[in-house]
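Given the structure is predicted, the values throughout are model-derived calculations rather than measurements. The first residue of the sequence shown is numbered 1, and numbering continues consecutively from there.
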Amino acid sequence: MGRPADEQPALAVLELDPTLPAPAVDDAVREAAERKWTPAKVAVWAAISLLGAVAWFMVALVRGETVNAIWFVFAAVCTYLIGYRFYSKFIERYLLKPNDRRATPAEYKADGKDYVRTDRNVLFGHHFAAIAGAGPLVGPIIAAQMGYLPGTIWIIIGVVLAGAVQDYLVMFFSMRRGGRSLGQMAREELGAIGGTAALIATLLIMIIIVAILALVVVNALGESPWGVFSVGMTIPIALFMGVYLRFIRPGKVMEVSIIGFVLLMAAIVGGGAVAGTEWGAAFFHLDKVTIAWGIIVYGFIAAILPVWLLLAPRDYLSTFMKIGVIVMLAVAIIVVRPEITVPAFSEFAGRDNGPVFSGALFPFLFVTIACGALSGFHALISSGTTPKLIEKERQTRFIGYGGMLMESFVAIMALVAAISIDRGIYFAMNAPVALTGGTVETAAAWVNSLGLSGVNITPSDLAQTATNVGEPSIVSRSGGAPTLAVGLAHIMQQFIGGTSMMAFWYHFAIMFEALFILTAVDAGTRVARFMLQDSIGNFIPKFKEASWRPGAWLCTAVMVGAWGAVLLMGVTDPLGGINTLFPLFGIANQLLAAIALAVCMAIAAKRGSFKYLWVVALPLAFVAVVTVTASLQKIFSPVPAVGYFANNAAFAKALSDGKTSFGTAKTVEAMEAVVRNTMVQGVLSVIFVTLSVIVIIAALIATSKAFKQGGGHDHEDEPRPSRVYAPAGLFPTKAEKELQAEWNSLPAGQRTERPAHH
């Protein structure tokens, strides 16, 4: 089906249906409207640019005792608006060149199951719900150890130039190829060796990603009866919503979302009442291992249930919750205007032995923040369900680039929440129990021993914070989720309710985060199952049939078993689980981003887009240097706090010397667990970086060949004329509204069916 780049058919070759209105606004009309600058338009963008410049000046250059949190909000929003309006439009116009006269896979492959034309706003919600997991919540909070400025710059600038670019390109190229997966595109574009390496790497990395997502939920809910009850109730609520939307009131998305939101609020309030009873406190007070097994069972069931029963309603509900809460937090920050006392660069910015995570600012800040700025996991979603649901090609900019900007805003809000709380509380919450001792007395003494400027915390400060948020303890609640919840509660109680409402806001935030993360666990497990089915299907074709239940169940069980084993390893890790596994998660996620960008670079080169290849090559070069450097340090560093094998050797020697405790491990069993875990992590690091380097080299070879030949053989599906119409962005333009009116005036018999809302 592929064609040399110089033989691409002209737009006029697509024979449009003369009985229907045009499937796209005329290019000349659209471009004239885009290039027309009125005085009002100039004034608006001048104001946005000026506000953004002032905000960046306040955040990055002014050095007072404090910095106001509102400048973080303004710097982020203004930069996103400029990046979306100008940079993403530049990529659309010169690199991708979408054509709305051309049918998307959702139109020409429509089957009512996987390929369904979906309203762009509903699809934006689905895509955002699928990509926005634990990463933008956890990474920035852990990275706050370094101070506020490094993370802020990478989250905001990184997403505009790298993260949103990757999501947009992968989604567009997958859509042009009938919705093919990233692994399948790599196999077609990079050849057998590069493609096979990419397939293996994506499968293994997916296991790590889903395991860490689940680990964050476990750490948030461990020994929290209120949290366990409230989050547990989201499952029957989602099931009810699925049945309601399927059988009782089909298509009533807003209606079922309002009902779901009311039920969620009831679950949060009810959780506090249940946890306050003797039986509730006993029944829902679960240890982390028990919760981990519950999530493993849940992951298997959620991945094999029909999409409409659990996954889809959770997407609807979580999108309203996610965007609503983040916007509400941004408004609260603007109203409350909390002062940030955390330094721009902390005492740990120049060291590699921080208590929250080990490693120097470069490269570990970038792999720790991960999803908030650039995420390889998104490439799997952008080449998974989303490209099979897009109505028109121009919508990929709004959904792909715009969706990632929204996730970056989540990351900035998480960072602001983390740095708005007392620094002493931050370190007491995020350091492993082996350092804090697990009690308020030992934690306070340890934090004060760090010698942090302006930090002098007391046991009563920690105890009072725990009481305010309705938890027995906040010490060593690592994983980012509890810290974000405390930060959100701290800001929101100043906005609404006062101190008496902190417990509600804390558990509201825990529920909000669990919705974020469980959605990604659901979707991640399902995508991982599809990937494994596709891989096995290369040898046993029957497995490629997604509807073949034995294959689906077997592949789901294998993938759940794999990430479940890593999850249990993290839960029982004496080094804190999330503290040691998150760097591996970050590196794996960024390596996957490098793979995705490498594939996009090869595709862009084969399209003959050499003049604009830097759009892909620059973020690829940066992420490759960062992740390979981080991987080499985790593999070869002689410092036990940084290097997996150095840590392994230190604990193995202690065991051979007959010691019964060593470092953070207080028992022989704990020491053995460290030896086992560090070996697994070290071996995985070697495998990940090796496979990724193979893929990048294969992409460079493919790009070089394309450059010499002036293009290359593409693997796009044959273009088909479109017989439907839909606007491209959130708000239709004047020309789009006029064309939509033409379609609306068609006789009922000539109208194409409305987009589905699954």
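- Across I595 and A198, no two heavy atoms sit closer than the pair CG2-CB, 4.2 Å.
- Interatomic distance, T79 OG1 to L405 CG, rounded to the nearest 0.5 Å: 10.0 Å.
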*Check the pair Y644 / I635 against side chain to side chain contact (heavy atoms under 4.5 Å, CB included), numbers first and verdict last.*
CA-CA 6 Å; Y644 286 129; I635 294 167; 5.9 Å; no
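- Side-chain atoms of S382 do not come within 3.5 Å of backbone N or O of A379 as any donor-acceptor pair.
- Nearest heavy-atom pair across I694 and G194 is CG2-CA, 4.5 Å.
- S685 has its side chain within reach of L584: a pair of non-hydrogen atoms, C-beta onward, lies under 4.5 Å apart.
- No donor-acceptor distance shorter than 3.5 angstrom exists from the side chain of T196 to the backbone of I193, with no hydrogens or angles considered.
- A donor-acceptor pair under 3.5 Å links the side-chain atoms of H378 to the main chain of I131, judged by distance alone.
- Under a 3.5 Å cut-off, the side chain of N677 and the backbone N or O of G570 do not form any donor-acceptor pair.
- Using a 4.5 Å heavy-atom threshold, the side chains of V62 and V67 count as separate.
- Between F72 and Y148, the two ring planes are perpendicular [angle over 60°; tilted spans 30° to 60°].
- I207 has its side chain within reach of M559: a pair of non-hydrogen atoms, C-beta onward, lies under 4.5 Å apart.
- Q590 and T627 are not linked by any side-chain donor-acceptor pair at a separation below 3.5 angstrom, with hydrogens and angles left out of the test.
- Nearest heavy atom pair, residue N648 against residue V675, reads ND2-O, 2.7 Å.
- Inspection of the S408 and Y80 side chains reveals an N or O donor paired with an N or O acceptor under 3.5 Å.
- Other residues, nucleotides and ligands contribute at most 12 non-hydrogen atoms within 6.0 Å of the CH2 atom of W293.
- Side-chain contact between I296 and L568: present, with at least one pair of heavy atoms (C-beta onward) separated by less than 4.5 Å.
- Of all heavy-atom pairs between G299 and V560, the closest is C-CG2, 4.2 Å.
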*Where do V165 and L161 land on the side chain to side chain contact (heavy atoms under 4.5 Å, CB included) test, with the steps shown first?*
CA-CA 6 Å; V165 173; L161 299 179; 5.7 Å; no
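- Taking 4.5 Å as the limit, every side-chain heavy atom of P482 sits out of range of all side-chain heavy atoms of I474.
- Proximity of a side-chain donor or acceptor of N448 to a complementary backbone N or O of I457 within less than 3.5 Å is detected.
- Between the CZ atom of F688 and the CG atom of L591 there is a distance of 8.0 Å, given to the nearest 0.5 Å.
- A417 and I491 get closest at one heavy-atom pair: CA-CD1, 4.4 Å.
- Contact check for I295 versus W563: side-chain heavy atoms found under the 4.5 Å cut-off.
- Here the straight-line distance linking atom OH of Y426 with atom CD1 of I421 works out to 8.5 Å at 0.5 Å rounding.
- Atom CG of D422 sits about 12.0 Å away from atom CE of M429, to the nearest 0.5 Å.
- The main-chain N or O of A164 is never found under 3.5 Å from a side-chain atom of D167 such that the two would form a donor-acceptor pair.
- The backbone N or O of Q145 lies less than 3.5 Å from a partner atom in the side chain of S346, making a donor-acceptor pair.
- Checked by atom type and distance alone, the side chain of T341 never pairs as donor or acceptor with a backbone atom of T66 at under 3.5 Å.
- Two residues are said to be in side-chain contact when any heavy atoms from C-beta on lie closer than 4.5 Å; N68 and M58 fail this criterion.
- Nearest heavy-atom pair, L361 versus A349, reported as atom, atom and distance to 0.1 Å: CB-O, 3.5 Å.
- F348 and F427 have tilted rings, their planes meeting at an angle from 30° to 60° on a 0 to 90° scale.
- Between I369 atom CD1 and I142 atom CD1 the span is 10.5 Å, to the nearest 0.5 Å.
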*Applying side chain to side chain contact (heavy atoms under 4.5 Å, CB included), run through F362 and T629 and close with a yes or a no.*
CA-CA 9 Å; F362 181 87; T629 302; 4.3 Å; yes
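- With S476 contributing its side chain and A431 its backbone, the two residues share a donor-acceptor pair below 3.5 Å.
- Atom OG1 of T290 sits about 12.5 Å away from atom CG of L221, to the nearest 0.5 Å.
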*asked:* Evaluate V566 against M569 for side chain to side chain contact (heavy atoms under 4.5 Å, CB included), listing each step before the verdict.
replied: CA-CA 5 Å; V566 177; M569 182 179 77; 4.3 Å; yes
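- Contact check for L374 versus M404: no side-chain heavy atoms found under the 4.5 Å cut-off.
- Without hydrogens or angle criteria, D287 side chain to V289 main chain gives a donor-acceptor distance under 3.5 Å.
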